[in-house]
There are 2 protein chains.
Amino acid sequence: MARQSDTRARIQAVARELFAAQGVRETSLRQISDRLGLTKPALYYHFASREDLVRSIVQPMVDDLERFVAAREKTPARDAAGRRLLLEDYFELMWRHREVTVMVVRDLSTLADLDLTERMFDWRRRLTALLFGPEISAAQQIRATVALGGMSDCTVEYAHLPLEQVKDTAVEAAAAALGPATTP
Amino acid sequence: MARQSDTRARIQAVARELFAAQGVRETSLRQISDRLGLTKPALYYHFASREDLVRSIVQPMVDDLERFVAAREKTPARDAAGRRLLLEDYFELMWRHREVTVMVVRDLSTLADLDLTERMFDWRRRLTALLFGPEISAAQQIRATVALGGMSDCTVEYAHLPLEQVKDTAVEAAAAALGPATTP
DNA sequence: GTCTATAAATAGATAGAC
DNA sequence: GTCTATCTATTTATAGAC
């Protein structure tokens, strides 16, 4: 069972690269098939539709995010150390999926097309609750936006650098933006 | 000289709204003309092309940003108070243009189409220099990304709220992300 | 200034041969 | 699995009448 469909994975790799580089909406199936030396109908053998291809590329990040948030909710730790660890691991998650992050941030309509906008906001809300507790004030929500959004911007803007050159400072800045942690 | 072309402004208003709500690339000229009770060719009387319409909507923010950065470079003030003031005024600028900010953030390819990507990065670089001085370390650049990017995210995410409910906390969080200021 | 009509290009998608 | 050929829909943009 070495490989079931090497071509399927190659299509995804090329599509992901083009989507991140020039935008999802700006990339046609023709561009993808040309780059692979295939024709458009060949793509339809591996994917039911264009949307199916896009979804298959975004899905691994979605699954990872859902698992990540659900796991942390089982053992919340809102002191300074726990908060720090959450920011670190969240940064690494986005970093692992940074090509998809770039692609989604570059064209946010992608999320809407896949009906993921609501879920995205839900993850943000749950992450904020993990940082500040179940009762979230308006000020805390704003601070979480700066912290989490700022880290996300870093994964996109410095996607070409090694992780070690970005992570520590980005997490440090995000933690500072959150303000003092509640004592356990 | 009451109004030279009321229709031109109405086209821009409808286009800006649709662009921000559903994306620039996702909005056709037909949708815009329908909403106004006009036909597509009528739009071409007021704008040379689709790109000309988009540019005319983004241009005021571009001009404002260029003026803002150029003015601050004449009287740099990198102590805590000066840095704070810069963040406040920059936030208010983005807030004034938040409908365009939403529209651009939602579809970043818009900037590329208008050849504004380079200029955007240049403004970021100059703002970072105003915050940290002409010699910018990698860590300072990352902190500036969290601070400025985080504030930008706030203008988008809380665009529907009153300014007073967002500005102070967003600026506070951004200032914290920057770290301690250099003494004057 | 706005219309009707239409050109020209391109997209996603399918039929059927091999 | 991949191809050629084609369908259908939509887009930006223009010509020319009113």
Side-chain angles (χ1 to χ4, degrees), chain A residues 1-59 103 106-115, chain B residues 1-59 103 106-115:
Chain A
M1 63 173 77
R3 60 173 53 79
Q4 183 138 19
S5 174
D6 182 40
T7 306
R8 183 182 158 94
R10 285 174 58 234
I11 294 172
Q12 289 172 321
V14 166
R16 186 166 40 236
E17 186 188 327
L18 289 174
F19 288 162
Q22 59 184 19
V24 177
R25 190 68 201 273
E26 287 73 15
T27 302
S28 66
L29 298 181
R30 184 178 136 74
Q31 273 184 292
I32 297 169
S33 60
D34 277 5
R35 177 79 73 100
L36 286 158
L38 295 176
T39 57
K40 271 192 296 178
L43 268 48
Y44 280 93
Y45 176 82
H46 297 278
F47 299 93
S49 65
R50 173 192 166 85
E51 184 179 311
D52 186 44
L53 167 60
V54 176
R55 173 168 274 117
S56 80
I57 291 173
V58 176
Q59 198 60 40
M103 157 186 156
R106 194 193 169 101
D107 187 352
L108 288 179
S109 300
T110 306
L111 291 179
D113 293 341
L114 301 177
D115 281 309
Chain B
M1 59 176 76
R3 58 173 55 80
Q4 183 138 19
S5 175
D6 181 41
T7 305
R8 185 182 157 93
R10 285 174 58 232
I11 293 171
Q12 289 173 321
V14 166
R16 186 166 41 235
E17 187 187 327
L18 289 174
F19 287 162
Q22 60 185 18
V24 176
R25 191 68 202 272
E26 287 73 15
T27 302
S28 67
L29 298 182
R30 183 177 136 74
Q31 274 183 291
I32 297 168
S33 59
D34 278 4
R35 178 79 72 98
L36 286 158
L38 294 175
T39 57
K40 274 192 293 178
L43 267 49
Y44 279 92
Y45 175 83
H46 297 276
F47 299 94
S49 65
R50 173 192 167 83
E51 184 180 311
D52 186 44
L53 167 60
V54 176
R55 174 169 273 118
S56 80
I57 291 173
V58 176
Q59 199 60 39
M103 153 185 159
R106 194 192 169 102
D107 185 352
L108 288 178
S109 300
T110 306
L111 290 179
D113 294 342
L114 301 178
D115 281 309

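Numbered from 1 within each chain, the chains take letters A, B, ... in sequence-line order.
- Applying the side chain to side chain contact (heavy atoms under 4.5 Å, CB included) rule to Ala21(B) yields no partners; only residues at least two apart in sequence or on another chain are considered.
- Between the side chains of Gln12(A) and Ser56(A), a donor-acceptor pair is found at a separation under 3.5 Å.
- Between the CZ atom of Arg8(A) and the P atom of dT2(D) there is a distance of 13 Å, given to the nearest Å.
- Within residues 22-45 of chain B, the residues that place at least one heavy atom under 4.0 Å from DNA chain C are, in residue-number order, Gly37(B), Leu38(B), Thr39(B), Pro41(B), Ala42(B), Tyr45(B).
- Remark: Arg55(B) engages Glu51(B) in a salt bridge (charged side-chain N to carboxylate O under 4.0 Å, His left out) (not counting sequence neighbours).
- Between Asp52(A) atom CG and dG12(C) atom P the separation is 14 Å, expressed in whole Å.
- Here the C1' atom of nucleotide dG1(C) and the CG atom of Asp6(B) are 13 Å apart, to the nearest Å.
- Nucleotide dA13(D) holds its C1' atom 14 Å from the CD atom of Glu51(B), rounded to whole Å.
- Applying the salt bridge (charged side-chain N to carboxylate O under 4.0 Å, His left out) rule to Asp34(A) yields the partners Arg30(A); only residues at least two apart in sequence or on another chain are considered.
- For Arg35(B), the salt bridge (charged side-chain N to carboxylate O under 4.0 Å, His left out) partners two or more places apart in sequence, or in a different chain, are Glu17(B).
- Rounded to an integer number of Å, the gap from Arg10(A) CZ to dG1(D) C1' is 12 Å.
- Atom CZ in Arg50(A) sits roughly 16 Å away from atom P in dT10(C) (whole-Å rounding).
- For the salt bridge (charged side-chain N to carboxylate O under 4.0 Å, His left out) test, no residue two or more places apart in sequence or in another chain qualifies with Arg106(B).
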